[in-house]
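Below is one structure, written out as structure tokens; the observations come after it.
In the text below, chain A, chain B and the rest are named by the order of the sequence lines, each starting its count at 1.
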Amino acid sequence: MKQELTPFTDYLLKRKETRGYLFVPYLALGDPDWQSSEEIVDLLIRSGADTIELGLPFSDPSADGPVLQRAFRRSLSHPFSRELVFQFLEKISRKHPDFKFSVMAYANLFHAAGFDEMLKRLYTLNVGGVIVPDVPLEEAPAPAPNRPDWIQFITPTTRPERLKAIVSVARGFIYLVSLKGTTGQSGFTLEPLRKTIQTIRKQTRVPILAGFGIRSAAHAQEAATVADGFIIGSRIHEIIEENLSNHSIMKQQLIEELKGILP
Amino acid sequence: MAKREGYFGEFGGRFVSELLIPALDKLWEQYKKAIKDPSYKKEYQALLHDYAGRPTHLYFAANLSAIHKARIYLKREDTLHTGSHKINNTLGQALLARRMGKKRVIAETGAGQHGVATATAAAVLGLKAHVYMGEEDLRRQALNGFRMRLLGSTVEGVGGPTGTLRDAVNEALRDWSRTVDDTHYIVGSAIGPHPFPRIVRDFQSVIGKEARKQILAKEKRLPDMVSACVGGGSNAIGMFSGFVKDNVVLLGAEAGGRGDNPGQHSSSLSRGVPGILQGARTYLLQDSSGIVSPVHSVSAGLDYPGVGPEHAYLKSIGRAEYVSISDEQALEAFRVLSEVEGIIPALESSHAVAAAFDWINKARKKGLKDPLVIINLSGRGDKDVAEVQRILDGAGNEDH
């Protein structure tokens with residue numbers, strides 16, 4: 001089947017060629033502060049990130065486990081606004097003009113800005129994809145030119161008919177939720193999802209990124225082999241949390257941890 | 001506008017993780033089947049009648065009526081088993097859960113009334129129950145926490161020292177996304193993703209149906225106004241649904257707390273703007289970037305930054321009025337009802353009482369003679385006695 005690929009999908013597929021998989025770190029913005037976020041973004045790009053899922057803090061992150069809930073709480077312990085997010089994105093997109101970012105936010109942050117207004121603005125700031133965990137297929141805005149790709153989710157509960165519908169509108173990448181639950185949960189394996197992945201592959205070239213619970217080299221290896229890559233979030237924020245008193249050790253630890261995890 | 005399934009006008013929808021969509025689909029399907037199934041209906045009706053104590057009385061409050069120069073009736077949901085209207089919904093949903101083959105139910109609770117009603121329904125129907133309750137609410141309503149444990153449920157405090165109803169909902173949603181195969185989430189108010197607002201309303205609509213029949217029998221006419229308190233808004237939507245097609249004022253009383261500033265109240269409809277929280281598009285208290293505000297109310301059951309989407313709709317089309325009642329007004333209504341009628345109301349319901357007093361006063365000034373009103377007394381105040389004593393003793397309102 002011939003399929004029209006979006007520029008962001010194209011970007012990811014090209015990046016995948018270099019190492020054979022995609023690595024997407026997740027970073028809750030402002031944890032523990034904006035300056036650190038900027039430094040961590042630089043560090044993640046140097047460590048080989050293909051895109052970074054930048055999480056906008058929210059008061060009620062109902063799809064996140066304890067680690068990322070605490071990360072958002074730290075982010076929101078100092079002033080936060082949409083304008084600060086845009087300023088931050090302007091800064092890092094100027095610094096990394098060829099790099100495509102992704103933005104994760106709960107639906108209300110998009111709603112407060114106006115979904116389309118927010119999408120238009122993000123597109124101008126090198127954002128290739130947006131990830132909104134509390135917007136399922138039916139509630140997603142229709143795709144439009146000059147907007148970031150709306151990332152779709154496939155989960156262990158997604159049934160075949162629905163999977164087909166989701167994959168048919170998938171752009172950018174497909175976020176494969178590895179397990180029933182929230183971010184940072186233990187027990188990662190893609191074994192039960194092998195068939196799902198095969199089904200997706202038959203229908204699309206859009207890359208499949210596994211997320212939820214990836215925290216070791218073995219997990220990353222499995223996701224790099226079985227899927228097209230992986231998203232790591234909770235592990236990163238654990239390291240941030242463990243090193244709040246010393247930011248240079250924090251950064252060093254992050255670099256070493258990622259070196260240890262990446263296949 | 002085309003009618004979209006799961007929406008009330010532009011409000012409602014299913015704003016949850018893709019993980020939960022199949023469970024919501026199945027729930028909706030099973031619910032539609034169940035309410036057409038005579039054996040389900042019979043079992044539910046029998047439980048409501050013999051176990052919960054329906055129908056509840058519509059009581060003519062003669063002393064209050066004399067004071068306010070009105071004809072005031074109280075719909076006595078406070079006399080139900082477990083002390084509030086919540087049992088109407090939990091029995092219905094627990095029966096549904098059993099029908100769907102679920103072995104475990106979870107619930108969020110604010111004041112603890114829904115937690116107790118869930119624990120009760122689970123006990124009588126042989127299900128395991130786990131209840132999430134904000135830690136601040138557990139402090140205010142410690143006895144309800146213990147009550148749930150007595151009924152065989154487990155209770156978990158969430159959200160840290162400021163934890164309230166919204167934290168409990170978030171935690172219940174997280175639990176459900178892990179356990180969705182064998183667990184049903186008994187949402188306690190008319191909130192959350194479709195089909196919950198619809199199901200909860202239907203189970204609570206018995207309040208309005210009974211009240212309408214009863215007032216017609218007693219007064220040979222419809223009331224001028226019905227009032228109910230609104231946190232998530234389940235007792236209110238249940239009462240309103242009986243009168244929404246009539247020429248009757250629908251008055252919702254929100255928690256005005258200690259003042260107008262963010263964090264001091266939980267008047268989502270009176271002072272919020274539309275947004276998306278915990279599964280639905282509805283009115284929310286939030287800042288301009290979309291961060292949901294902290295909220296306060298003297299009553300743990302109204303302490304919620306959102307509101308059921310059907311209320312958002314009724315407000316948007318001008319069909320219902322929503323007013324903000326301060327902690328002080330609610331406490332005064334609590335005192336008056338106790339002293340004058342010998343009925344100690346829940347602090348939540350006290351808001352509906354205070355709102356009715358205000359409305360009667362204004363209506364009389366506009367020339368309405370002997371206004372005929374029904375106040376929904378959604379729950380009894382036993383649970384609040386210790387907290388009210390603490391406040392009246394001056395331990396005050398300042399530390400939460």
Side-chain angles (χ1 to χ4, degrees), chain A residues 56-66 69-70 72-73 75-76 79-86 105-115 118 132-140 152-159 161-163 166 175-177 179-185 187 212, chain B residues 4-7 12-26 108 158-160 162 166-183 192-194 273-282 284-295 304-306:
Chain A
L56 311 193
F58 185 51
S59 44
D60 298 78
S62 56
D64 283 304
Q69 290 172 44
R70 289 197 299 272
F72 276 174
R73 228 172 287 147
S75 305
L76 290 175
F80 171 81
S81 71
R82 192 160 58 240
E83 261 330 295
L84 287 172
V85 172
F86 292 145
Y106 281 84
N108 199 45
L109 268 63
F110 276 85
H111 188 279
F115 273 81
M118 183 85 164
V132 187
D134 53 347
V135 171
L137 179 66
E138 293 79 8
E139 306 287 357
Q152 299 289 343
F153 290 86
I154 302 276
T155 82
T157 65
T158 311
R159 289 181 197 147
E161 338 75 76
R162 190 168 176 89
L163 183 125
I166 292 173
Y175 196 129
L176 181 69
V177 175
L179 44 77
K180 290 174 202 140
T182 49
T183 55
Q185 218 162 288
F212 283 38
Chain B
R4 281 190 289 169
E5 184 167 88
Y7 273 83
R14 296 198 296 187
F15 292 91
V16 290
S17 151
E18 209 33 75
L19 269 168
L20 294 176
I21 295 294
L24 295 173
D25 280 341
K26 186 175 171 201
E108 85 293 345
V158 296
T162 58
R166 66 184 299 181
D167 302 283
V169 175
N170 286 331
E171 213 45 50
L173 283 169
R174 290 180 191 120
D175 179 314
W176 204 30
S177 59
R178 285 191 298 272
T179 59
V180 62
D181 292 336
D182 72 342
T183 296
H194 171 69
V273 292
I276 295 169
L277 182 69
Q278 293 171 339
R281 182 172 188 275
T282 186
L284 286 186
L285 295 167
Q286 55 181 323
D287 71 13
S288 59
S289 293
I291 303 295
V292 181
S293 307
V295 288
Y304 185 64

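- Panel note: side chain A/Gln185, backbone A/Lys180; a donor-acceptor pair is recorded below 3.5 Å.
- Contacts between B/Asp175 and chain A at a heavy-atom distance below 4.5 Å are absent for every atom of the residue.
- Note on B/Gln286, B/Gln278, B/Glu171: by heavy-atom pairs under 4.5 Å with chain A, the leading option is B/Gln286.
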Salt bridge (Lys or Arg N to Asp or Glu O under 4.0 Å) between A/Glu138 and A/Arg162, intermediate numbers included | CA-CA 11 Å; A/Glu138 293 79 8; A/Arg162 190 168 176 89; 2.7 Å; yes
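- The closest donor-acceptor contact from the side chain of A/Thr157 to the backbone of B/Leu19 lies under 3.5 Å.
- For a residue to count as touching a neighbouring chain, one of its non-hydrogen atoms must lie under 4.5 Å from one of that chain's; by this rule B/Pro193 does not touch chain A.
- Put simply, of A/Glu139, A/Gln69, A/Arg82, the one with the most heavy-atom pairs under 4.5 Å next to chain B is A/Glu139.
- B/Ser288 touches chain A through its backbone: at least one of N, CA, C or O sits under 4.5 Å from a heavy atom, while the side chain does not.
- Contact tally against chain A (heavy-atom pairs below 4.5 Å) for B/Asp167, B/Asp181, B/Leu284: the top residue is B/Asp181.
- Distance check: B/Ile276 CD1 to B/Thr282 OG1 gives 10.5 Å after rounding to the nearest 0.5 Å.
- Interface remark: of the candidates B/Pro22, B/Pro305, B/Ala172, B/Pro22 forms the most heavy-atom pairs closer than 4.5 Å to chain A.
- In this structure, the side chains of B/Val292 and B/Leu277 come closer than 4.5 Å at one or more pairs of heavy atoms.
- At distances below 3.5 Å, at least one donor-acceptor pair connects side-chain atoms of B/Arg174 with backbone N or O atoms of A/Pro61.
- Only the backbone of A/Leu179 has a heavy atom closer than 4.5 Å to any heavy atom of chain B.
- In this structure, chain B has a heavy atom under 4.5 Å from the side chain of A/Ile166, while its backbone stays farther away.
- Under a 3.5 Å cut-off, the side chain of A/Tyr106 and the backbone N or O of A/Ala63 do form a donor-acceptor pair.
- For A/Glu83, no part lies under 4.5 angstrom from a heavy atom of chain B.
- Only the backbone of A/Pro57 comes within contact range of chain B, judged by heavy atoms closer than 4.5 Å.
- To the nearest 0.5 Å, atoms CG (A/Asn108) and CZ (A/Phe110) are separated by 11.5 Å.
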